[in-house]
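Structure first, commentary second.
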Amino acid sequence: AQCVMYRGPDAEHVGKEICFAFTEDEVRIVDVTDLANAVELASLDYGAVYYAHQGWINCEHTALFVDDELDEKQSGDSNTKTYVIDVRDLDDPRVLTVHESHLTSIDHNQYVCGAYLYQANYEAGLRILDVSRVFEDAATMREVAYFDTHPASTAASFNGAWNVYPFFDSGRVIVNAIGGGV
């Protein structure tokens, strides 16, 4: 889950503590402002859900980027997919688009920092996508940089980049890889 003090466009929920939970078979949006009385605002089955694993909201709190850790292995389409959920209305989230990479790889963890989405995509390594215009034109979500942590191959398997951290004040980014270290 990712929990935030909500400051997005849904005026009903501004200032509340909102969690976006990835529960294997769906994405849930929960108001946890009062921990003793958490309120589920919405749940979303984004279509072909195989294992809703992790996601991150953009800085404006309008779009949620979701990875499904098993869709590349079980759907018959092994290209990396990122599900972009419109969360401008927390009570009614909707799939905005599905970004599909030209690479074959399983996505694992991703984080938004500024205008960029930093993805640890196992055998495809670290992938950095510009997500600054996702509502203007979802097709503009494009890769702007990468670092291959597993150059031996690119396949839908559990080798390579496991996590990424783009939040250092210096602007540096680290990625760790299974079998490769940091």
Side-chain angles (χ1 to χ4, degrees), residues 1-2 4 7-9 20 22 27 44 46-48 50-73 75 77-88 93-182:
Q2 179 193 14
V4 299
R7 61 182 190 285
F20 300 89
F22 310 93
V27 175
L44 176 69
Y46 49 81
Y50 293 90
Y51 191 86
H53 174 260
Q54 190 265 355
W56 207 257
I57 196 163
N58 67 349
C59 298
E60 297 79 23
H61 292 180
T62 56
L64 183 66
F65 301 91
V66 178
D67 73 53
D68 187 307
E69 194 172 8
L70 296 179
D71 59 349
E72 292 85 10
K73 287 190 76 68
S75 72
D77 178 2
S78 58
N79 288 7
T80 307
K81 287 169 276 311
T82 304
Y83 299 86
V84 183
I85 311 302
D86 178 345
V87 291
R88 292 177 290 187
R94 299 179 183 272
V95 175
L96 178 64
T97 190
V98 179
H99 173 77
E100 188 164 337
S101 169
H102 66 283
L103 296 168
T104 300
S105 183
I106 296 171
D107 45 349
H108 189 248
N109 289 320
Q110 59 190 346
Y111 305 95
V112 175
C113 185
Y116 300 103
L117 178 63
Y118 296 80
Q119 299 181 318
N121 288 342
Y122 283 115
E123 287 200 12
L126 167 64
R127 299 306 214 199
I128 303 172
L129 304 172
D130 181 342
V131 296
S132 63
R133 297 173 30 112
V134 73
F135 280 102
E136 296 166 38
D137 179 6
T140 63
M141 193 170 137
R142 63 184 173 81
E143 185 175 285
V144 296
Y146 72 93
F147 183 81
D148 193 350
T149 61
H150 192 79
S153 68
T154 301
S157 72
F158 298 102
N159 298 308
W162 185 83
N163 207 0
V164 57
Y165 187 83
F167 302 111
F168 291 109
D169 290 339
S170 66
R172 291 189 172 127
V173 176
I174 59 171
V175 59
N176 72 317
I178 296 170
V182 176

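Listed for the His150 side chain is no donor-acceptor partner under 3.5 Å among the backbone atoms of Ala161. A distance-only check finds no donor-acceptor pair linking the side chain of His53 to the backbone of Asp67 [under 3.5 Å].
Glu60 and Pro9 get closest at one heavy-atom pair: O-CD, 4.0 Å. Considering all non-hydrogen atoms of both residues, Phe65 and Gln110 come closest at O-NE2, 3.1 Å. Of all non-hydrogen atoms in Cys113 and Pro166, the two that sit nearest each other are SG-O, 3.4 Å. Here the closest non-hydrogen pair linking Ala124 and Ser105 is N-OG, 3.2 Å. In plain terms, the two heavy atoms of Val4 and His61 that are nearest each other are CG2-CE1, 3.8 Å.
With rounding to the nearest 0.5 angstrom, the CG atom of Asn109 is 4.0 Å from the CG atom of Asn163. To the nearest 0.5 Å, atoms CG (Leu117) and CH2 (Trp56) are separated by 11.0 Å. Annotation: the span from Ile174 atom CD1 to Leu126 atom CG amounts to 11.0 Å, rounded to 0.5 Å. Phe135 CZ to Asp86 CG: the interatomic distance, rounded to the nearest 0.5 Å, is 4.0 Å. Atoms OG1 and CG, on Thr104 and Asn121 in that order, are 11.5 Å from each other to the nearest 0.5 Å. Here Thr154 contributes atom OG1 and Asn79 contributes atom CG; the two are 11.0 Å apart, rounded to the nearest 0.5 Å.
Side-chain contact between Leu64 and Val27: present, with at least one pair of heavy atoms (C-beta onward) separated by less than 4.5 Å. Leu44 is not listed as a side-chain neighbour of Arg94, based on a closest heavy-atom distance of 4.5 Å or more. Between Glu69 and Tyr122 the shortest side-chain heavy-atom distance falls below 4.5 Å. You'll find the side chain of Lys81 stays beyond 4.5 Å of the side chain of Asp68, heavy atoms only.
In this model, a donor atom of one side chain and an acceptor atom of the other lie less than 3.5 Å apart for Glu123 and Ser153.
Not less than 6.0 angstrom separates the ring centroid of Tyr165 from the ring centroid of Tyr111.
Paired with Thr82 under the rule side-chain hydrogen bond (donor to acceptor under 3.5 Å, both in side chains), one option of Gln119, Arg127, His99 passes, and it is Gln119.
Counting non-hydrogen atoms of neighbouring residues, nucleotides and ligands closer than 6.0 angstrom, the CZ atom of Phe147 reaches no more than 12 such neighbours.
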